[in-house]
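What follows is a structure written as structure tokens; I'll ask about it next.
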Amino acid sequence: MAGKGLADISTLVQAIETADSKAAIVVAVRNLAAANDPAAISTLINVLGYNNPGAAVAAVDGLVSLGSIAVPALLEELDGYNYGARAWAIRALALIGDPRALPVLLDTALGDFALSVRRAAAKGIGTINWSQLPEDQVAQAQAQVMEVLQQTTTDPEWVVRYAAVAGLHALVLKAVDSSFGAVISQHLQQVISHDRSLTVQARAQMALNALSGDLG
Amino acid sequence: MGLDSQQLVNAEGVSLTVEQALANLQQTDDPGLRYYAAWWLGRFRVTQPEAIDTLVSALDDETDRAPDGGYPLRRNAARALGKLGERRVVPALMRCLDCSDYYVRESAAQALGQLADPQAIPALRALLAGGVAAAVPTPGKPHLVQPYNAVLEALGSLNATEAVEDIAPFLNHEVAQVQNAAARAMYQLTGETAYCDHLLQRLQAPNLQLRRSAMMDLGAIGYLPAAQPIATTLAENSLKLIALQGILESHLQHIGFPASGLSTEAKQVLSLMDDLL
């Protein structure tokens, strides 16, 4: 848990700033991420905007492994991002699963212009760490998530519908309200018979198998 | 699912009706509207006879000219026809393979591959004439003299086994993307997995463009053993998901899903996809 100390972090940050190729940036970001130090958060967030997928993956990994402590900074800077960076930030928030990101993830799943961002958000709202939310708020928040995910299964893009089905699958496993199982099963049945993508149908079938207790 | 009016919207939020799109394509005053209408008819799978006829006429358009002498409308019309699945347009697309515009030839070759009519095979093979020795860059242009990638891929899709001897030498062409296209076609024509191994190695290439193109090739041919390597190569998740979708759907069709239920392999690919969302 202990970080490497500020001096080391500034050396690692400097290595990113002075890297002379895309590949060298990736290596430097990986090193900074591996330090697992909260002092790296703002630099890791900046890297999301570099238009360097390898570096962004490494930065997201670093932010996700820092977890909840990275969430306020990610949320604060979300509006200033370009689409590429926003997609990576939403992906980080979705993977961290902190309920403070739930409002922004719900809005994003339904309404973002970029499909990769809707995709990450749909998966993320299904995999929120519900234990981090006060117990008396969980049922209502889950109901909201279920409604948004059901709506998201009609998105024009197959990959967003796929993410919504994966989100429903994750949600039902953690649902505090026992009536979710029947509602989600019925919804998955509809996806299987009506969705025009074979891949989305298959994902819904896998969720339905799990719900029916057929884990094989 | 039929056409959903909510989806008939372009990136700027401008929606068209089928009637408007046809009218836009038939007029000649505004080339921009025509160009967009041709794309739109393909994107939204408008297969009514009038749409097909109007797109076929657009393949002979002389009014929309690019500064370099190219025919932008013809390119879009050929792409649209490739998506619409009407084989009666194949002779018109075959004539486009002789067009002076490289990009019209490329779009036509891709469309012919999609339409899956073997009568296009001889015309496509003709573009490989002279073999690798003739497959050199066009001076002053960012492309070779012919759209080799599109031609090789189309011959693979059309199951043109008679073209194997024409295609094989392109495995050694100096352009890596051409090698990939040849490997992809050779796998489709021979079933030899050694050609896929070549594409799998490309997933480790230092160049992102090459990794992307190998990924898309492996997805397009549905090579199941590539699923794991695709999931772990260094590239955008969006493209990995599209490639894995290609692999999964080939497999699902092969096993007869949904009647068959899910196989172990299908579940493995789905799990890989979940981790990329």
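Proteins get letters first, then strands, A, B, ... in listed order; numbering begins at 1 in each. The figures here come from the full heavy-atom set of this structure, side chains too, leaving out hydrogens, waters and symmetry mates.
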(Q) A quick test of your reading: do over 12 heavy atoms of other residues, nucleotides or ligands sit less than 6.0 Å from CD of B:Gln20? (A)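 Yes, the 6.0 Å shell around CD holds more than 12 heavy atoms from other groups.
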Q: Under 4.5 Å heavy-atom distance to chain A, tell me which part of B:Leu244 shows up: side chain, backbone, both or neither.
A: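 For B:Leu244, there is no contact with chain A at all, as no heavy atom is under 4.5 Å.
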Q. At what distance, to the nearest 0.5 angstrom, does CE of A:Met206 lie from CG of B:Leu270?
A.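 If I round to the nearest 0.5 Å, the distance is 4.5 Å.
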Q: Given salt bridge (Lys or Arg N to Asp or Glu O under 4.0 Å), test A:Arg203 with B:Asp274 step by step and report yes or no.
A: CA-CA 9 Å; A:Arg203 185 63 187 81; B:Asp274 278 8; 2.8 Å; yes
Q.
Does atom CG (A:Asn129) have a neighbourhood of more than 12 heavy atoms from anything else shown, all under 6.0 Å?
A.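 More than 12 within 6.0 Å, yes.
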Q | Partner residues of B:His143 under the ring-ring contact (aromatic ring centres under 6.0 Å, His included) criterion, sequence neighbours left out | A |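 Applying ring-ring contact (aromatic ring centres under 6.0 Å, His included) to B:His143 gives B:Tyr102, B:Tyr103.
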Q: Select, from A:Arg91, A:Lys22, A:Arg119, the one with the greatest count of heavy-atom pairs under 4.5 Å involving chain B.
A: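 Result: the option with the highest number of such pairs is A:Arg119.
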Q: To the nearest 0.5 angstrom, please state how far the OG atom of A:Ser116 sits from the CG atom of B:Leu276.
A: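 A:Ser116 OG to B:Leu276 CG: 13.0 Å, rounded to 0.5 Å.
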(Q) Heavy atom to heavy atom, less than 4.5 Å: which residues from residues 157-174 of chain A reach chain B? (A)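 Answer by number: A:Trp158, A:Val159, A:Tyr162, A:Ala163, A:Ala166.
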Q.
Using only atom types and a distance under 3.5 Å, with no angle test, would you say the side chain of B:Glu249 pairs donor to acceptor with the backbone of A:Thr199?
A.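 Such a contact is found between B:Glu249 side chain and A:Thr199 backbone.
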(Q) Can you list everything that forms a salt bridge (charged side-chain N to carboxylate O under 4.0 Å, His left out) with B:Arg34? Sequence neighbours excluded, please. (A)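 B:Arg34 satisfies salt bridge (charged side-chain N to carboxylate O under 4.0 Å, His left out) with B:Asp61 once adjacent residues are dropped.
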(Q) With a 6.0 Å cut-off (strictly less than), is the heavy-atom count around CD of A:Gln14, excluding the residue itself, greater than 12? (A)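 Incorrect, the count does not exceed 12.
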(Q) If the condition is salt bridge (charged side-chain N to carboxylate O under 4.0 Å, His left out), which residues does B:Arg212 pass it with, not counting sequence neighbours? (A)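 With sequence neighbours excluded, B:Arg212 shows a salt bridge (charged side-chain N to carboxylate O under 4.0 Å, His left out) to B:Glu236, given in chain and number order.
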Q. Are there more than 12 heavy atoms of other residues, nucleotides or ligands under 6.0 Å from atom CD of A:Gln132?
A.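 More than 12 within 6.0 Å, yes.
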Q.
Is B:Leu277 close to chain A through its backbone or its side chain, or both, or neither, when contacts mean heavy atoms under 4.5 Å?
A.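 Interface part for B:Leu277: both.
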Q: Count the heavy-atom pairs under 4.5 Å between each of B:Ile242, B:Leu252, B:Thr264, B:Leu208 and chain A, then report the option with the highest count.
A: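 Result: the option with the highest number of such pairs is B:Leu252.
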Q) Relative to chain A, which segment of B:Leu234 carries a heavy atom at a distance below 4.5 Å: side chain, backbone, both, or neither? A)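 For B:Leu234, the contact with chain A is made by the side chain alone.
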